[in-house]
Amino acid sequence: GLGASLHSGRRPGGDGGGSGGGGGGGGGGATSGEEPVWRRQRLGGTTLSSELTWEAHKYRARQHVHRLYLGGANAPDAPWAMPLLPAELKSLVSGSAYFALCESFRERSRYAVWETLVGTTLCVLPPLARQFYLSRRAVRARRLQELIAALHGREGADAFWRS
C-alpha cells in the first residue's frame, strides 16, 4: 500500500525478533527497553556487522514518512513523473518547494529529441536500439538519483521541509 513500512519485523540473523511479515504498523523495531547492540554481551548467533546493519535499518525506518510512486515508464513517450503532493505530506513539505522539485525531476527525466531520433533510427538493428535505450535509461536514472542526493545533502534542504 501507499504507506507500507520498510520494516520487515525480522532480524538479519533470522531469530525473528519482531511481528513477522510486512504488517501495517509503523517504523517499528526495538522496544524502548532493548539495549543497543554495542552494550550486549552476546550477539545470539549473528555477526556484529549484521547487528549494526539492523540498527541502522531501524533508525532509517523511523525516519520514513511516506512512499511516493513515480508515474511513467522511463521511456521516450512516458518519462517518469512525480505525483501531486500527497495529503499526508502537505503539513510537512512546502508546496512551492515540492512543485519546484517536481519540475526539476520532470526536466531531468524527459528524453531529448535527439535521443528519440537516434533510437528510432537504430530500430532497423534491434539489438543496437535496445542497448541504446537501456544506456539512456541508466543515464536518466543516475541524473535523478543525483537530484535527490543533492536535495538530501544540501544546506538549502531546510526550505523544502516545513518547520
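Since the model is a prediction, treat every value here as computed from it, not as a measurement. Scope of the values below: all heavy atoms of this structure, side chains included, with no hydrogens, waters or symmetry mates.
Under the 4.5 Å side-chain heavy-atom criterion for grouping Ile, Leu, Val, Met, Phe, Trp and Tyr, Y133 is connected to L125 within one hydrophobic cluster. Residues V93 and F99 do not share a hydrophobic cluster, defined by chaining ILVMFWY side chains whose heavy atoms lie under 4.5 Å apart. Follow the hydrophobic side-chain contacts under 4.5 Å out from V124 and you reach L122 in the same cluster.
Remark: E146 engages no residue in a side-chain hydrogen bond (donor to acceptor under 3.5 Å, both in side chains) (not counting sequence neighbours).
S135 contributes atom OG, which lies 11.5 Å from atom CZ of R130 (distance to the nearest 0.5 angstrom). Here the CG atom belonging to L68 is positioned 6.0 Å from the CG atom belonging to L89, to the nearest 0.5 angstrom. Interatomic distance, CG of L85 versus SG of C102, reported as 8.0 Å (0.5 Å rounding). R143 CZ to F105 CZ: the interatomic distance, rounded to the nearest 0.5 Å, is 12.0 Å.
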Report the C-alpha distance between Y111 and N74 in whole Å, list the side-chain angles of each, state the deciding distance to 0.1 Å, and finish with yes or no for side-chain contact (heavy atoms from CB on, under 4.5 Å).
CA-CA 9 Å; Y111 276 73; N74 194 9; 3.8 Å; yes
side-chain contact (heavy atoms from CB on, under 4.5 Å) for Y98 and M82? Distances and angles first, verdict last.
CA-CA 10 Å; Y98 184 81; M82 290 181 66; 3.8 Å; yes
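The minimum heavy-atom distance between A129 and G119, with the atom names listed, is CB-O, 4.2 Å. Smallest separation of non-hydrogen atoms from R137 and A73: NH2-O, 3.5 Å.
For the pair R140 (side chain) and R136 (backbone), a donor-acceptor distance under 3.5 Å is present. Listed for the T121 side chain is a donor-acceptor partner under 3.5 Å among the backbone atoms of L117. Within the 3.5 Å criterion, the main-chain N or O of L144 finds no donor-acceptor partner in the side chain of R108.
L147 places a side-chain heavy atom less than 4.5 Å from the side chain of L101.
For L84, the CG atom counts as loosely surrounded, since its 6.0 Å shell holds 12 or fewer non-hydrogen atoms of other residues, nucleotides or ligands.
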